[in-house]
Amino acid sequence: MTQSLSIPPLTKDLARVLIDADTISRRVDELAHKIDEKYKDLEEPLILVGVLKGSFIFLSDLCRRLTIPHVVDFIAISSYGQQGDRRGEVRLLMDTRENLAQRNVLIVEDILDSGNTLAYLIKTFTSRGIKSIETAVFLDKKERHEVDIDVQYIGFDIPDVWVVGYGLDYKEKYRTLPYIAEMIPQK
Ligand code: IMP
Ligand code: MG
């Protein structure tokens, strides 16, 4: 039996729903299908590396739709503004449990903004002698890129606005909304 989720209404912080839950679900199906196709002949499991915390909902929906063998792992990084880090500076706070040497890795990230986080992760993982690396990003703010990144699986392109829901937060709020909403930071 499937349980239907009630859809929480917008609060005064939230301007509008940008992407509704059904649209998200259909797109995640498509992405999982593409990943299945790409890796269907792989002999070892694909290592999915979710970037905490923002990717945890996207990753859990994505991995449950995959039919190829896979292993779920996580890393945590500091994001700018949180610990007073300088913009563009990324630090690894928690590493994967899996040894990534000679493995096929798919980084799963919530959103591509400047691109600094993904650039850092691709560089770090590549230096560990991985067999292959690709990236899946749920949202992409194309106008904001500061570095060139090759992303193989993108959920949706979005404008340069702050968004919350489906794992993404504003000061730890709104992560578990089932849709993506545009946030209006209150004065
Ligand atoms: P980047 O390194 O600039 O690409 O930043 C990526 C990180 O910034 C993401 O993984 C998010 O954690 C955070 N981020 C950027 N834009 C948003 C947003 O609109 N909502 C929530 N988090 C965001
Ligand atoms: Mg993130």
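Order of listing sets the numbers, starting from 1, for every ligand and every atom in it. Bear in mind the structure is a predicted one, so any value in this text is a computation, not a measurement.
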The one among [options] that brings a heavy atom closest to [atom]:
atom: atom 4 (O) of ligand 1; options: Gly115, Ala119, Gly167; answer: Gly115
atom: atom 15 (C) of ligand 1; options: Val137, Asn116, Asp113; answer: Asp113
atom: atom 11 (C) of ligand 1; options: Ile111, Leu112, Val51; answer: Ile111

For [X], the ligand 1 atoms whose distance to one of its heavy atoms is below 4.0 Å:
X: Thr117; value: 1 (P), 2 (O), 5 (O), 6 (C)
X: Asp110; value: 9 (C), 10 (O), 11 (C), 12 (O)
X: Val161; value: 19 (O)
X: Lys141; value: 16 (N), 17 (C), 18 (C), 19 (O)
X: Asp169; value: 21 (C)
X: Glu109; value: 10 (O)

Can you find a pair of side-chain heavy atoms, one from [X] and one from [Y], that are under 4.5 Å apart?
X: Val49; Y: Phe125; answer: yes
X: Val71; Y: Leu48; answer: no
X: Lys141; Y: Trp162; answer: yes

Going by heavy atoms, is [X] under 4.0 Å from ligand 1?
X: Gly54; result: no
X: Leu118; result: no
X: Arg144; result: no

Looking only at distances, can you tell me whether any N or O atom of Val164, backbone or side chain, sits closer than 3.5 Å to an N or O atom of ligand 1? no
Is any NZ, NE, NH1 or NH2 atom of the basic residue among Asp13 and Lys173 found under 4.0 Å from an Asp or Glu carboxylate oxygen of the other?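 Yes, this pair counts.
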Is it true that Glu37 and Lys34 make a salt bridge, defined as a side-chain N closer than 4.0 Å to a carboxylate O? no
Measuring from atom CG of Leu139 to atom CZ of Phe156, what distance do you get when rounded to the nearest 0.5 angstrom? 7.5 Å
side-chain contact (heavy atoms from CB on, under 4.5 Å), paired with Ile111, selected from Leu118, Asp140, Val163: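 Answer after filtering Leu118, Asp140, Val163: Val163.
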Is ligand 1 under 4.0 Å from a heavy atom in the side chain of Leu168, in the backbone, in both, or in neither?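 The part of Leu168 near ligand 1 is the side chain, not the backbone.
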Between Tyr166 and Phe138, does the ring centroid distance fall short of 6.0 Å? yes
Take a 6.0 Å sphere around CG of Asp148 and say whether it holds more than 12 heavy atoms from other residues, nucleotides or ligands. no
